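A quick write-up on the structure given underneath.
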Amino acid sequence: SPLLGSVIMALGKVNMIAEAGELFGFMGIAGCKSNTYVYNCFITVLSEAGFLDDAHVIYMQMCDTKNCQPDLVTFNILIDKFGKAGRFAEAFYYLEALKHKGIEPDVKTYTSLIGSLSMAGKVDQAYEMFHSIREKRHLVNLVTHTELIKGLGRAGKIDSAMALFREMKVLSFDPDVATYNVLIDSLVKRGGFEDGHKLLEEMERNGLTPNHRTFNSLISGLAKVNKLDAADGLYKLMLQKGVVPNFYTYANLIGSFCRGGQVARACELFKEMEAYYDVKSSENGCSHVEESGLLGSEGIAVVHNVFLKGLVEASMIKEAYAHFKQMHERGCPPDLISFTTIFGALGKAGELKRASFLFQMMKDADIKPDLVAYNALLANLGKIRKLKEVRDLVNEMVSAGLNPD
RNA sequence: GCAUUAGCCCUGUU
């Protein structure tokens, strides 16, 4: 069973959900005793892939068993995933069910809920929950505080975020790099670069080493107020300090330079990234490790897409299209977002035939259009009254199981 | 005993 569980998890990580389900089916037979651990692994896989209702079905199956009743881990997974999806009725139902079974929620249960609530724009409710448990020291920790500081900061309640930041220090929950990062991010996203920078100095005084995320936030803050040279300077500084940039770094910089009309510098950075990426991958074969600052091919795809969008916004559709066509040979085949960016731009520019052609090409490449992709095409078809095409497309999306909005 | 659950940075339509 320990093996079964970890294989199920591994399959989930590479999105082989059907296969994970097949293996899960072996539990209880073939000499494999059912246990809660394997159930929990499968519930994790399903819910991380977005199959929340299926995860719930498995939970119900557990409830019907004799030896595999849902435990705290089961509930924590479900509460976290339903909460992050904004399905609070269910999340709170699980919280009640858990208490009803006589299980005590733990710090992860509450931290998840506080995080989900604040990301859904319900910071007040998150704060209320925090308030109701903060006296019980075992129910809150560093992560709980960081989560709430993030929520308050994102909601623009910087003063409350700073207040909580001071309070946690008094309570000896020592802020770590992530805590500083969420605060710095909130500050600079609202134009408070100077305050963010002060926090950077403070964290260094406290013996904490800023990481690539710290720099990414600071860079995006500078870019937001169009201080591109300063952003570039910070990028160089992070390299100097030996902090490894990741694809977020490049996405930030490249997008900003395009928007600021400095497409040449954006191209330069793009090449720099590709060179950097090549070197790093050959240095240690499998270096797509998030902690080192590198990301896998999904990360590269994001940078390509940001670049495409940047070129489009700089009215360089020809160049965007040229780059789009190069993506394949650059080892990064265009994905749904690349296609949508390009045919959206072509459509907007009145090139509807080419837009429709690309839309078809995308489907031929077995990439399923989603709601956004249909909308991007429909908006432009609608503008020039191609009502028959509009009707056909709407029918198509409905039969694909999408709900037109 | 071991394994499964919480926090920080990026992209497409309106």
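Atom set for the values below is all heavy atoms of this structure, side chains included, hydrogens, waters and symmetry mates excluded. In what follows, every chain begins at residue 1, and chains take the letters A, B, ... in the order their sequences are listed. These numbers were taken from a predicted model, which means no experiment stands behind them.
- Looking at A:Lys198 and A:Glu201, no side-chain N of the basic residue comes within less than 4.0 Å of a carboxylate O on the acidic one, giving no salt bridge.
- No side-chain donor-acceptor contact under 3.5 Å links A:Tyr94 and A:Tyr59.
- Of the side-chain N and O atoms in A:Lys348, none sit less than 4.0 angstrom from OP1 or OP2 of B:G12.
- The separation between A:Tyr110 atom OH and B:U5 atom P is 21 Å, rounded to whole Å.
- Candidate nucleotides B:C8, B:U5, B:C10 were compared by shortest atom distance to the side chain of A:Lys150, and B:C8 ranks first.
- When ring centroids are compared, A:Phe130 and A:His145 come within the 6.0 Å threshold.
- Whole-Å rounding puts the A:Asn211 CG to B:G7 C1' distance at 13 Å.
- In the interface, the side chain of A:Asp176 is paired with the base of B:G7 through a donor and an acceptor atom under 3.5 Å apart.
- Side-chain contact, A:Asp106 with A:Asn76: a donor N or O sits under 3.5 Å from an acceptor N or O.
- When heavy atoms are screened at a 4.0 angstrom cut-off, A:Ala376 is found touching the sugar-phosphate backbone but no base atom.
- Per the geometry, CG belonging to A:Asn35 stands 16 Å off P belonging to B:C2, to the nearest Å.
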Exercise. Stepwise, does the side chain to side chain contact (heavy atoms under 4.5 Å, CB included) test hold for A:Leu183 with A:Met162?
Worked result: CA-CA 8 Å; A:Leu183 253 187; A:Met162 289 301 293; 3.8 Å; yes
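- Side chain A:Thr341 to base B:G12: no donor-acceptor pair is found below 3.5 Å.
- Summarising the geometry, the separation between CG on A:Leu117 and P on B:G7 is reported as 14 Å, rounded to the nearest angstrom.
- Here B:C8 presents its C1' atom at 12 Å from CG of A:Asn246, a figure rounded to the nearest Å.
- The distance between atom CZ of A:Phe193 and atom C1' of B:C9, rounded to the nearest whole Å, is 15 Å.
- We find that OH of A:Tyr39 is positioned 15 Å from C1' of B:U4, with the value rounded to whole Å.
- To the nearest angstrom, C1' of B:C8 lies 6 Å from CZ of A:Arg213.
- OP1 or OP2 of B:U11 has not a single side-chain nitrogen or oxygen of A:Lys309 nearer than 4.0 Å.
- Taking every side-chain heavy atom of A:Thr146 into account, B:G7 is the closest of B:A6, B:U5, B:G7.
- At the heavy-atom level, A:Ser112 lies under 4.0 Å from the strands shown only through sugar-phosphate atoms.
- Residue-level contact check: A:Ile337 touches the bases, meaning some heavy atom is under 4.0 Å from a base atom.
- Taking 3.5 Å as the limit, the base of B:A6 and the side chain of A:Asp106 contain no donor-acceptor pair of atoms between them.
- Listed nucleotides B:C10, B:U5, B:A6 differ in distance to A:Val302; the shortest reach to its side chain belongs to B:C10.
- Counting non-hydrogen atoms under 4.0 angstrom, A:Thr179 reaches a base of the nucleic acid.
- Taking only side-chain nitrogens and oxygens, A:Lys84 comes nearer than 4.0 Å to OP1 or OP2 of B:G7.
- Put simply, A:Lys189 has a side-chain N or O that comes within less than 4.0 Å of OP1 or OP2 on B:C10.
- Checking the phosphate oxygens (OP1, OP2) of B:G7, no side-chain nitrogen or oxygen of A:Arg154 falls inside 4.0 Å.
- Considering only the side chain of A:Asn375, B:U13 comes nearest among B:G7, B:C10, B:U13.
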For this session: Please step through side chain to side chain contact (heavy atoms under 4.5 Å, CB included) for the pair A:Val73 and A:Lys108, ending with a clear verdict.
Result: CA-CA 9 Å; A:Val73 173; A:Lys108 293 188 187 189; over 6 Å; no
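- Cation-pi geometry between A:Arg354 and A:Tyr321 is satisfied (NZ or CZ under 6.0 Å from the ring centre, within 45° of the ring normal).
- Contacts between residues 355-372 of chain A and RNA chain B, defined by a heavy-atom separation below 4.0 Å, involve A:Asp370, A:Val372, listed by number.
- Sequence neighbours left out, the pairs with a member in residues 122-131 of chain A that pass salt bridge (Lys or Arg N to Asp or Glu O under 4.0 Å) are A:Asp124-A:Lys157.
- Residue A:Val73 is in base contact, counting any heavy-atom pair closer than 4.0 Å across all strands shown.
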For this session: Using the side chain to side chain contact (heavy atoms under 4.5 Å, CB included) rule, take A:Leu237 and A:Val243 through it: C-alpha gap first, then chi angles, then the decisive distance, then the call.
Result: CA-CA 9 Å; A:Leu237 179 67; A:Val243 177; over 6 Å; no
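- The side chain of A:Val182 approaches B:G7 more closely than any other nucleotide in the set B:C10, B:G7, B:C9.
- No engagement by A:Ile8 is indicated, since no non-hydrogen atom pair under 4.0 Å with the nucleic acid exists.
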